[in-house]
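Below: the structure, in structure tokens.
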Amino acid sequence: MTSKPSTPGHALPEGLHPDTLAVRVAIERSQYGENSEALYLTSGFVQPDSATSAARFASGDGYTYTRTSNPTVTMFEKRLAALEGTEAAIGAASGMGAILMMIMGLLKAGDHVVLSRSMFGSTLNLFGKEFAKFGVQTTFVSQTNVDEWRAAVQPNTRLLFAETPTNPLTELCDIAALADIAHQAGALLAVDNAFATPVLQRPASLGADLVMHSGTKYLDGQGRVMAGALCGSAELITGKFAPVMRTAGMVLSPFNAWVVLKGLETLSVRVKAHCQNALTVAQWLEAQPNVARVYYPGLPSHPQHALALRQMGGLGGGVVTFEVKGEGSEQLQRRAFHVIDSCSWLSIATNLGDTKTIVSHPATTSHGRLTEEQRMAAGMSQGVIRVAVGLEHPQDVMADLARGLDGCGALN
Ligand SMILES: *Cc1c(COP(=O)(O)O)cnc(C)c1O
């Protein structure tokens, strides 16, 4: 408490706000007193002597090798844990790497997981195909129907895994209700918080045991690096996941950790600006004659708007999805492609959480491997377009979307 801010190990007072923690918490400042967090781009750490080296290898305390730990990665982990309100966090090479670490750390052959059918596509593949090969069974349920989650629980259920809002149709699930179901069954609830970020919702405060992140999205915020993380109790992070990462090696690179660490400092202002721009675009889209439907939790027309107000602090996130009007798959696809291809500067890409607005056509990209029936059952027609709204002026974004939208109703 009495040490100066330039001293290594300097402690912060209690009770600081999240916006302050995002900038100030967990700085491992070196003897040089650098104000910006240092990037420790090194694979190994020189040990002062053999006895210290032996002690560090035995206890896992102190830095030895970057697959085990690295000061820049530690800064990111501690800061993200502070923002999510969990005791600890552990970085991973990507969001999918974090899920792999979670399953390797928690489950064994014969265990059972309950997962929403509307989860991120690679998550569905990982559980449905890869983990199934190792004897981990998964039941896929409705994103929004809590009774289906409850009914899917079996004696060997160890984990419920949810994502809210989902990609791209922005369906929510009630985190507190799912936490109750998980805990009554003696299972854990994990929540993928990549879309909402701790700025909009802190799943741990609603009862989730684990919070999973793709740092590639809003935490980085400028579409530069791959990163992932798991947040939870110190017991789970150091007891279950650190040993997996140390041996399996889905480790977060120090450079990528540094990028997302600095991204956390501006996360709150960026996410709020994304939400404001997205709401403006969503309201405008709802008024367009060639738009059949808009999916955005911040709109009163969203079926779960009340839950969004309660669970996401009244904000809707940065992703707006809409469907163009039309009849039949071919016409819908022609019109959607026309809208996307008429944009003169919006990016056609599949990531999100970038300063740059990104438009994508889920039916032929992220959801392209589903059958037409599966897609229609999920409400994902060929007319659906996802807009991951960036930080450009929303009027310019709307003008670029209008280029193709204004005339698309005339296309057969
Ligand atoms: C991108 C994404 C992931 C996967 O993260 P990567 O960093 O790309 O591995 C998982 N869940 C959601 C919701 C995502 O948007």
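The analysis underlying the following values was restricted to heavy atoms, covering all of them including side chains, and did not include hydrogens, waters or symmetry mates.
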Nearest 0.5 angstrom please: T166 OG1 to L172 CG, how far? 8.0 Å
How far apart are the C-alpha atoms of Q154 and T139, what are their side-chain angles, what is the distance that settles it, and do they pass the side-chain contact (heavy atoms from CB on, under 4.5 Å) test? CA-CA 10 Å; Q154 304 173 179; T139 302; 4.1 Å; yes
Expected output: side-chain R386 to main-chain S360 donor-acceptor under 3.5 Å: no
Residue pair E265 / R79, side-chain heavy-atom distance below 4.5 Å: yes
Determine whether I237 and E77 make a side-chain contact, defined as any pair of heavy atoms from C-beta on separated by less than 4.5 Å. no
Around atom CD of E34, are there more than 12 heavy atoms of other residues, nucleotides or ligands at under 6.0 Å? yes
Can a side-chain donor-acceptor contact be found between E171 and T144 if the only test is distance below 3.5 angstrom? no
Would you confirm whether H305, through its side chain, and P297, through its main-chain N or O, come within 3.5 Å as a donor-acceptor pair? yes
Side-chain contact test, heavy atoms from C-beta onward, threshold under 4.5 Å: evaluate it for V359 versus L401 and give yes or no. yes
Using distance alone, with no hydrogens and no angle criterion, decide if E163 and T123 have a side-chain donor and acceptor under 3.5 Å apart. no
Exam field: side chain H393 to backbone Q395, donor-acceptor pair closer than 3.5 Å: yes
Please verify the inter-ring angle class for F161 with F127; under 30° counts as parallel, over 60° as perpendicular, anything in between as tilted. tilted
Do side-chain atoms of D209 reach the backbone of L189 as a donor and acceptor pair under 3.5 angstrom? yes
May I ask you to check whether S329 and Q333 show a side-chain donor-acceptor distance below 3.5 Å? no
Minimal heavy-atom distance between L106 and L210, with the atoms involved, is CD1-CD1, 3.9 Å
Using 0.5 Å steps for rounding, measure from the NZ atom of K129 to the OG1 atom of T138. 13.0 Å
Is a side-chain donor or acceptor of D354 paired with a backbone partner of G390 at a separation under 3.5 angstrom? no
Could you pull out the closest heavy-atom pair between S116 and S142, with the gap in Å? OG-C, 4.5 Å
Has S59 got a side-chain atom pairing as donor or acceptor with D61's backbone, closer than 3.5 angstrom? yes
Under the side-chain contact (heavy atoms from CB on, under 4.5 Å) rule, what do T247 and R67 come out as? Steps first, then yes or no, please. CA-CA 8 Å; T247 48; R67 176 151 43 71; 5.9 Å; no
Minimal non-hydrogen separation, Y296 against C275, with atom names: OH-O, 3.4 Å
Kindly indicate, with the supporting measurements, whether the criterion side-chain contact (heavy atoms from CB on, under 4.5 Å) is fulfilled by R202 and N193. CA-CA 8 Å; R202 304 207 304 168; N193 207 25; 6.0 Å; no
What are the two closest non-hydrogen atoms of L159 and A190, and how far apart are they? CD1-CB, 4.0 Å
Indicate the atoms forming the closest heavy-atom contact of L299 with L279, along with that distance. CD2-CD1, 4.2 Å
Measure across G97 and A92 and return the closest heavy-atom pair with its distance rounded to 0.1 Å. C-CB, 4.0 Å
Side-chain heavy-atom pair Q201, T164 within 4.5 angstrom cut-off: yes
Could you tell me the separation between the NE2 atom of H302 and the CG atom of L307, rounded to the nearest 0.5 Å? 9.0 Å
Would you say R24 and T20 are linked by a side-chain donor-acceptor pair, where the criterion is simply a distance under 3.5 Å? no
Is there a donor-acceptor pair under 3.5 Å between the side chain of R335 and the backbone N or O of K325? yes
Tell me whether E330 at atom CD has more than 12 heavy atoms from other residues, nucleotides or ligands lying less than 6.0 Å away. no
Mind checking whether W258 and F255 have parallel, tilted or perpendicular rings, split at 30° and 60°? tilted
Step by step, work out the side-chain contact (heavy atoms from CB on, under 4.5 Å) result for D341 and I348. CA-CA 8 Å; D341 294 340; I348 304 175; 3.8 Å; yes
Roughly how far, to the nearest 0.5 Å, is the CD atom of Q304 from the CD atom of Q311? 9.0 Å
Any chance OH of Y65 has more than 12 other-residue heavy atoms, nucleotides or ligands included, within less than 6.0 Å? no
Side-chain (T357) to main-chain (V389) donor-acceptor, under 3.5 angstrom: no
May I ask you to test the L188-L236 pair for a side-chain heavy-atom distance under 4.5 Å? yes
Around atom CD of Q276, are there more than 12 heavy atoms from other residues, nucleotides or ligands closer than 6.0 Å? no
Given the rule in the side-chain hydrogen bond (donor to acceptor under 3.5 Å, both in side chains) test, do T74 and E28 qualify, once you have shown the distances and angles that lead to the verdict? CA-CA 8 Å; T74 303; E28 305 237 339; 5.2 Å; no
Under 3.5 Å donor-acceptor, D111 side chain and K108 backbone: yes
Could you state the interatomic distance from CZ (R56) to CZ (F45), rounded to the nearest 0.5 Å? 10.0 Å
Is D220 reaching over with its side chain to a backbone N or O of A227, donor-acceptor style, under 3.5 angstrom? no
Separation between CD (E37) and NZ (K262), nearest 0.5 Å, reads 3.5 Å
Report yes if some heavy atom in the side chain of T216 is under 4.5 Å from a heavy atom in the side chain of N351; otherwise report no. no
Classify the side-chain pair T42/Y63 by whether it contains a donor and acceptor separated by less than 3.5 Å. no
Is the shortest heavy-atom distance from the side chain of S118 to the side chain of L169 under 4.5 Å? no
Compare all side-chain heavy atoms of L107 with those of H112 and state whether any distance is below 4.5 angstrom. no
